[in-house]
A.B. asks: 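Would you mind keeping the following structure in view while I ask a few things?
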Amino acid sequence: MAIILGDHQYGKAESRLVRIYRDRPRHEIRDLNVTTALRGPFDPAYLVGDQSGVLPTDTQKNTAYAFARSKGVSSMEHFGLDLARHFVTDIGPVEGARIEIEEYAWQRAIVDGVEHDHTWTRSGQEVRTAAVTVDATGEYVIGGFKDLVLLKSTGSEFAGFLTNEYTTLPETHDRVMATSLVAKWRFTSTDVPWDEVYVGVKAIMIREFAMLQSLALQQTLWHMGKAVLEAFPSIAEVRLTAPNKHHFVVDLSPFGLENPGEVFFAADRPYGLIEATVLRDDAPDAHEAWRASAGLA
């Protein structure tokens, strides 16, 4: 029996980077959390501690900051492509690079009813994500978001399910449905209006969540993914993860009160975890596009 080194990569995780454009009176801001990971023939570093082919993770961090100034951050996907292409093209030993990015949203402060030119407040919605992989097989971009919290107070059912001697859950045809949605979608191109597509994908998913008379959260995820693929030919597949944030009707009868589905206990755990991949049957091979680094995106 031989013991061998398997898949490996290394990089700098979660470099916080804020890029402010100050060239006009009305400033712009992009607030990122950047992870870099390099892949290649780095076996000697692991097996014998030979660092001669290793680009320090501190250098990777500095490159991200330098590129934010020299190339700018027009979109997180484009910025990730700039970084990944640099590491693969300009750093000799590197055969592949994965860049994972979170973006934190800001909205302009309103002063006397007018948007302020250089003051923002943190938006409290989802965190936008992107993962870029560049290697010998091609260039791959995965867009996405996480922590998009959605709730509908009706329009959701759960009935007709399998039961056995351990089943206590009653059937319902009118329930609260809530989730903290994680969505990721793989593009087939790098020539994409990134910000425009992001807004469109998010709007479609919210629309499907709201409008579908849902017989199960699984059905809702299918309709979300299907609608996105129908709207955007440049997207090959959508991966969705949705914890079912249960809301249970509180029994108020001990207090002499009725509760016609108006007061709920919001349980944080345990929770159902529903996951789905929706893809085109002719989707191109993803190769290493989904191989994660820090798991930010």
Side-chain angles (χ1 to χ4, degrees), residues 11-21 28-37 61 64-65 67-68 72-84 98-109 120-133 140-151 178-187 192-210 217 220-221 224-225 228 232 235 237-245 268-269 271 273-277 289-297:
K12 182 67 82 175
E14 301 199 50
S15 297
R16 292 289 283 107
L17 186 163
V18 178
R19 175 60 156 102
I20 299 177
Y21 290 88
E28 303 292 339
I29 187 171
R30 303 301 292 252
D31 187 350
L32 308 180
N33 191 24
V34 181
T35 289
T36 60
K61 174 202 70 179
Y65 289 130
F67 272 41
V73 185
S74 60
S75 71
M76 59 195 300
E77 292 88 352
H78 194 201
F79 182 66
L81 282 165
D82 282 340
L83 281 174
R98 180 180 175 89
I99 313 298
E100 297 180 352
I101 306 175
E102 296 175 327
E103 181 168 15
Y104 308 116
W106 294 87
Q107 60 188 12
R108 292 191 181 275
W120 296 267
T121 60
R122 175 65 64 81
S123 297
Q125 294 191 357
E126 82 286 357
V127 175
R128 182 175 170 182
T129 63
V132 175
T133 301
Y140 310 91
V141 177
I142 296 171
F145 58 70
K146 55 188 173 183
D147 303 329
L148 178 64
V149 179
L150 300 168
L151 182 149
T179 189
S180 179
L181 184 65
V182 178
K184 302 176 184 180
W185 49 90
R186 177 167 61 93
F187 291 96
V192 175
W194 305 111
D195 291 347
E196 178 183 324
V197 171
Y198 177 80
V199 171
V201 170
K202 177 184 170 185
I204 287 171
M205 291 191 177
I206 293 174
R207 181 196 73 200
E208 294 300 310
F209 183 89
L217 184 51
T220 298
L221 295 191
M224 283 180 169
V228 167
F232 294 101
I235 296 177
E237 66 175 305
V238 180
R239 297 189 178 186
L240 298 158
T241 302
N244 198 336
K245 291 184 168 290
D268 64 342
R269 65 193 66 181
Y271 52 85
L273 182 61
I274 315 302
E275 300 173 283
T277 298
W290 293 104
R291 181 180 160 198
S293 174
L296 302 185

A.B. asks: How close do Leu221 and Ala242 get, counting heavy atoms only, and between which atoms?
C.D. replies: CD2-CB, 4.0 Å

A.B. asks: Answer with yes or no after comparing the ring centroid distance for Phe79 and Trp194 against a 6.0 Å cut-off, counting only values under it.
C.D. replies: no

A.B. asks: Closest approach of Phe67 and Asp82, non-hydrogen atoms and distance?
C.D. replies: CE2-O, 3.6 Å

A.B. asks: Is the NZ or CZ atom of Arg19 both under 6.0 Å from the centre of the six-membered ring of Tyr21 and within 45° of that ring's axis?
C.D. replies: yes

A.B. asks: How long is the span from the CG atom in Leu32 to the OH atom in Tyr104, to the nearest 0.5 Å?
C.D. replies: 9.0 Å

A.B. asks: Looking only at heavy atoms, which two atoms of Met224 and Met205 are closest? And how far apart?
C.D. replies: CE-O, 3.2 Å

A.B. asks: Would you say Phe145 and Val127 make side-chain contact, with heavy atoms under 4.5 Å?
C.D. replies: no

A.B. asks: With a 4.5 Å limit on heavy-atom distance, are the side chains of Ile99 and Thr133 in contact?
C.D. replies: no

A.B. asks: Between atom CZ of Arg98 and atom CD1 of Ile142, what is the distance when rounded to the nearest 0.5 Å?
C.D. replies: 5.5 Å

A.B. asks: Is it true that Trp290 and Tyr140 have ring centroids separated by less than 6.0 Å?
C.D. replies: no

A.B. asks: One pair to check against side-chain contact (heavy atoms from CB on, under 4.5 Å): Leu240 and Ile274. What are the steps and the verdict?
C.D. replies: CA-CA 8 Å; Leu240 298 158; Ile274 315 302; over 6 Å; no

A.B. asks: Take Asn33 and Ile101 through the test side-chain contact (heavy atoms from CB on, under 4.5 Å) and record every step on the way to the result.
C.D. replies: CA-CA 5 Å; Asn33 191 24; Ile101 306 175; over 6 Å; no

A.B. asks: Between Thr179 and Asn244, is there a side-chain heavy-atom distance shorter than 4.5 Å?
C.D. replies: no

A.B. asks: For Arg128, is there an ion pair with Asp195 - N to carboxylate O distance below 4.0 angstrom?
C.D. replies: yes

A.B. asks: Nearest 0.5 angstrom please: Trp120 CH2 to Ile20 CD1, how far?
C.D. replies: 5.5 Å

A.B. asks: Any salt bridge between Glu126 and Lys146, counting N to O under 4.0 Å?
C.D. replies: no

A.B. asks: Taking all non-hydrogen atoms of both residues into account, name the closest pair between Pro243 and Tyr271 and its distance.
C.D. replies: CB-CD1, 3.6 Å

A.B. asks: For the residue pair Leu150 and Leu148, establish whether any side-chain heavy-atom pair is separated by less than 4.5 Å.
C.D. replies: yes

A.B. asks: Are Glu28 and Arg30 ion-paired here, with the side-chain N under 4.0 Å from a carboxylate O?
C.D. replies: no

A.B. asks: Using the test side chain to side chain donor-acceptor pair (under 3.5 Å), find all partners of Arg239 that sit at least two apart in sequence or belong to another chain.
C.D. replies: Glu237

A.B. asks: Going through the distances and angles, do Ile29 and Val18 end up as a side-chain contact (heavy atoms from CB on, under 4.5 Å)?
C.D. replies: CA-CA 7 Å; Ile29 187 171; Val18 178; 3.9 Å; yes

A.B. asks: Between Arg16 and Asp31, is a side-chain contact (heavy atoms from CB on, under 4.5 Å) present by the stated rule, with each step listed?
C.D. replies: CA-CA 8 Å; Arg16 292 289 283 107; Asp31 187 350; 2.7 Å; yes

A.B. asks: Charged N to carboxylate O under 4.0 angstrom, Asp268 versus Lys245?
C.D. replies: no

A.B. asks: Strictly distance-based, threshold 3.5 Å: is any side-chain N or O of Thr35 a donor or acceptor partner for the main-chain N or O of Glu14?
C.D. replies: yes

A.B. asks: Checking Tyr198 against Glu196 for the side-chain hydrogen bond (donor to acceptor under 3.5 Å, both in side chains) test, could you report, in this order, the C-alpha distance in whole Å, the side-chain angles of both residues, the deciding distance, and whether it holds?
C.D. replies: CA-CA 5 Å; Tyr198 177 80; Glu196 178 183 324; over 6 Å; no

A.B. asks: Within the side chain of Glu100, is there an N or O that forms a donor-acceptor pair under 3.5 Å with the backbone of Ser293?
C.D. replies: yes

A.B. asks: What are the two closest non-hydrogen atoms of Leu17 and Ala64, and how far apart are they?
C.D. replies: CD1-O, 3.5 Å

A.B. asks: Looking only at heavy atoms, what is the nearest atom pair of Ala289 and Arg186, with distance?
C.D. replies: CB-CD, 4.1 Å

A.B. asks: Distance check, rounded to the nearest 0.5 Å: Leu273 atom CG versus Thr241 atom OG1?
C.D. replies: 6.5 Å

A.B. asks: What is the distance from atom CD1 of Ile235 to atom CZ of Phe187, rounded to the nearest 0.5 Å?
C.D. replies: 4.5 Å

